[in-house]
There are 2 protein chains.
Amino acid sequence: MKKDAALKIGIKDIAKHANVSIGTVDRVLHNRSEVSKTTREQVLQIIEELGYTPNLLAKSLASKIKYTIAVLIPDLGSNAYWEKPLQGIRAAALEIKKFNFELQIATFDYGNEKSFVEKANEILNSNPSGFIFAPVFYDSSLVLIEKCDQLQLPYVFIDVFIENCKNLAYFGQNSVQSGYLAASLMKYGIVNGGISHIYVVKPLNPSAPVYHLSLREKGFITYFSQVAASQVFIHSMDVDISSSTELVKSLDTIMESAQKPSGLFVANSRVHLVARYLEKNKIENVVLIGYDLLQENVEFLEKGIIQFLICQNPEEQGYKSVLSLFNHLFLKKTVDKFNYSPIDIIMKENIEYYTNFKI
Amino acid sequence: MKKDAALKIGIKDIAKHANVSIGTVDRVLHNRSEVSKTTREQVLQIIEELGYTPNLLAKSLASKIKYTIAVLIPDLGSNAYWEKPLQGIRAAALEIKKFNFELQIATFDYGNEKSFVEKANEILNSNPSGFIFAPVFYDSSLVLIEKCDQLQLPYVFIDVFIENCKNLAYFGQNSVQSGYLAASLMKYGIVNGGISHIYVVKPLNPSAPVYHLSLREKGFITYFSQVAASQVFIHSMDVDISSSTELVKSLDTIMESAQKPSGLFVANSRVHLVARYLEKNKIENVVLIGYDLLQENVEFLEKGIIQFLICQNPEEQGYKSVLSLFNHLFLKKTVDKFNYSPIDIIMKENIEYYTNFKI
DNA sequence: TAATCTTCCGTTAACGTACACGACAAAGAT
DNA sequence: ATCTTTGTCGTGTACGTTAACGGAAGATTA
């Protein structure tokens with residue numbers, strides 16, 4: 001039962017009821033000083049009684065304060081994936097522009113921790129209202145987080161999560177669970193009696209952080225250790241992709257071995273490298289599962305060389321990160337701290353409905 | 001290159017540049033009469049040059065017009081599924097309330113075409129600004145659509161699509177493709193040599209429309225006819241669920257037959273009925289694929305009796321339907337006519353990330 | 001005792017837009 | 001010649017809020 005009979009009550013209504021001026025009500029609402037305890041409480045009570053909610057439109061029309069949301073993510077050169085969250089971030093920015101919000105986007109080199117630190121400091125010096133970043137370098141991030149806490153600057157983690165922090169929110173995927181799911185998918189397609197060998201391939205750049213990879217692998221392996229599958233053997237395989245031949249050599253080795261793979265799980269978005277190998281060598285009947293909707297991956301999915309891509313709707317992660325700060329700063333709403341993206345299963349037959357981000 | 005040096009130009013800036021008053025500019029903007037051709041063109045040119053965009057906040061603060069969006073969908077009693085789109089619709093309503101938008105929600109009995117017509121007429125009489133409905137009854141919908149066209153009332157289809165209409169937009173799933181995908185999933189898990197029998201089960205209520213079902217079945221069957229699978233046999237099975245024993249009898253029959261199923265595809269959200277049968281009769285090693293995240297379905301998915309649920313993010317469909325009318329009516333943006341939802345593949349391992357709708 | 005300082009509070013001009021009202025000219029009617 | 005009509009256009013008020021400004025008491029100081 002809402003008493004919206006009198007349509008919409010505003011600041012001047014509560015002023016009338018409390019026998020004060022709107023100026024006083026305003027001071028109470030922004031709990032500024034210059035108002036006596038008694039009248040403050042009285043006004044507060046009227047506000048409560050009438051169920052006053054501020055008109056956001058009038059609010060941001062009249063207000064002159066600008067909000068700046070700073071964003072720090074890897075540059076697209078070092079990791080094409082980040083184009084996606086950025087899309088969502090930009091979309092959100094467009095929507096909250098009317099409320100005097102603007103963005104300040106900075107990027108760092110994924111293989112260079114120093115660039116991360118430098119950009120972060122620049123941002124802190126510019127004194128933003130909120131901060132979204134991917135804390136991919138653990139130690140440097142701890143330092144940064146410490147500074148944010150001191151400055152009382154609300155910050156949001158995107159993609160990567162660090163425990164025991166006072167971050168406003170986190171948007172990302174449950175990496176362990178995604179690996180677990182990949183394993184289940186793999187088993188569903190493969191295990192029909194007989195022995196099978198499955199390889200976890202980790203194509204990585206030695207200078208870049210590997211946080212996600214290990215969690216995904218962990219989930220994958222956990223699945224097979226829990227679910228009865230005595231006939232299945234899991235092998236792990238690190239590959240340095242800064243050397244261009246390393247991957248081919250490694251794959252050659254296992255293909256020629258006695259333990260030929262029935263399935264390959266590539267724990268990051270470089271699954272297209274493995275797919276290219278399979279295509280070139282005309283290897284079929286190998287289930288290939290990887291991550292993320294990069295253009296190259298999509299092509300191999302459509303060709304049928306990659307069977308499944310695990311995806312995390314990164315655009316939405318970006319979008320919601322921005323919105324969470326908007327909710328916090330402007331709407332004064334409480335926001336959920338943990339926000340896990342869905343673990344989307346993409347195959348040839350449904351890919352077309354995931355490639356166009358629209359909000 | 002944007003010339004936002006002078007920050008934000010408003011109606012009074014263009015008034016100044018055009019040497020007229022803001023009243024005149026306002027008349028031009030709303031192309032009302034009472035403006036001479038020459039000044040109108042002049043103002044229009046200035047508007048163009050300065051790249052004026054109206055301030056939406058100020059606009060809806062000053063404007064007294066209310067928008068009403070009418071919604072007509074099946075009631076939750078006849079089909080629990082519709083709770084989900086409704087959630088999204090309500091979420092969207094909450095967001096655009098500030099812009100003077102309000103909802104008017106009506107429901108009809110899924111098994112009663114007359115109730116659809118009656119409610120539709122009520123809505124038309126209330127003279128809404130926009131109309132969202134599920135045109136599940138073909139003939140009645142055609143009549144309704146005709147009326148909407150005459151009234152110049154913008155209307156949006158949700159869930160079901162009717163061709164050759166002037167609907168503003170459609171939000172739903174590509175049903176054929178979803179069946180096609182289900183088939184691919186089925187094949188991936190089942191076909192490993194040997195003969196298999198797969199049944200398409202259609203639990204239906206004789207008085208309710210069956211539009212979706214047939215399309216989903218079509219996609220499913222098409223897949224197996226296209227993809228080489230000579231060892232796979234597809235059988236079709238209609239079941240009247242208004243009789244409580246019919247389903248059990250039918251399933252008993254095929255389970256005892258020589259052509260025992262390796263897989264069951266249930267083309268609608270009643271897959272839990274089939275799951276319950278399998279559970280009760282302790283039948284394992286049958287792949288069961290169905291539709292939609294109803295509570296009952298989710299439970300059987302978690303138990304491992306249903307392997308996959310195909311889902312279409314119905315909350316988002318509802319949400320976006322409302323937003324499309326907002327874009328059209330208020331922002332005067334052009335909206336896409338066809339909006340297909342992703343075909344989400346849900347299994348035990350990722351279900352938890354799909355059950356909480358948050359925008 | 002007068003002057004200054006606090007503390008509290010009301011008034012008012014914005015913010016950008018919508019729209020009713022009235023002003024003022026030119027054109028027509030009497 | 002005066003009076004009305006018509007077509008243009010400017011002015012003023014309103015929407016709900018913010019925030020600067022200033023006024024009226026009482027409290028403190030000289």
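Letters A, B, ... mirror the listed sequences (proteins, then strands); counts begin at 1.
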Check: [Y] main-chain N/O paired with [X] side-chain donor or acceptor under 3.5 Å:
X: B/Glu102; Y: B/Lys66; value: no
X: A/Lys320; Y: A/Ile89; value: no
X: B/Thr24; Y: B/Val20; value: no
X: A/Lys119; Y: A/Thr107; value: yes
X: B/Ser129; Y: B/Thr68; value: yes

Please state whether the phosphate of [N], meaning OP1 or OP2, lies under 4.0 angstrom from any side-chain nitrogen or oxygen of [X].
X: B/Ser60; N: D/dC15; answer: no
X: B/Thr24; N: D/dT8; answer: no
X: A/Ser36; N: C/dT7; answer: no
X: B/Lys12; N: C/dC15; answer: yes

B/Phe99 ring centre to B/Lys59 NZ or CZ under 6.0 Å, with the angle to the axis within 45°?
no
Does a donor on one side chain sit under 3.5 Å from an acceptor on the other, for [X] and [Y]?
X: A/His17; Y: A/Asp13; result: no
X: A/Asn55; Y: B/Lys98; result: no
X: A/Glu41; Y: A/Gln45; result: no

Is it the case that more than 12 heavy atoms not belonging to A/Lys16 sit under 6.0 Å from its NZ atom?
no
Grab the [atom1]-[atom2] distance between [X] and [N] for me, whole Å please.
X: A/Lys16; N: C/dT11; atom1: NZ; atom2: P; result: 13 Å
X: B/Lys98; N: C/dT17; atom1: NZ; atom2: P; result: 19 Å
X: A/Leu56; N: D/dT17; atom1: CG; atom2: C1'; result: 11 Å

Ignoring the backbone of B/Asn55, work out which of C/dC9, C/dC15, C/dT17 is nearest its side chain.
C/dT17
Tell me the bend of the helix from C/dT1-D/dA30 to C/dT30-D/dA1 as the angle between end helix axes, each from five pairs, rounded to the nearest 10 degrees.
70°
Can you check side-chain hydrogen bond (donor to acceptor under 3.5 Å, both in side chains) on B/Glu315 and B/Tyr354, steps first, answer last?
CA-CA 11 Å; B/Glu315 297 96 338; B/Tyr354 288 88; over 6 Å; no
Between the protein and nucleotides 24-27 of chain C, list the N/O to N/O atom pairs that are separated by less than 3.5 angstrom.
none

Heavy atoms under 4.0 Å is the rule here; annotate nucleotides 18-27 of chain D 5' to 3' with B where the base is hit, S where only the sugar-phosphate is, and - elsewhere.
SB--------
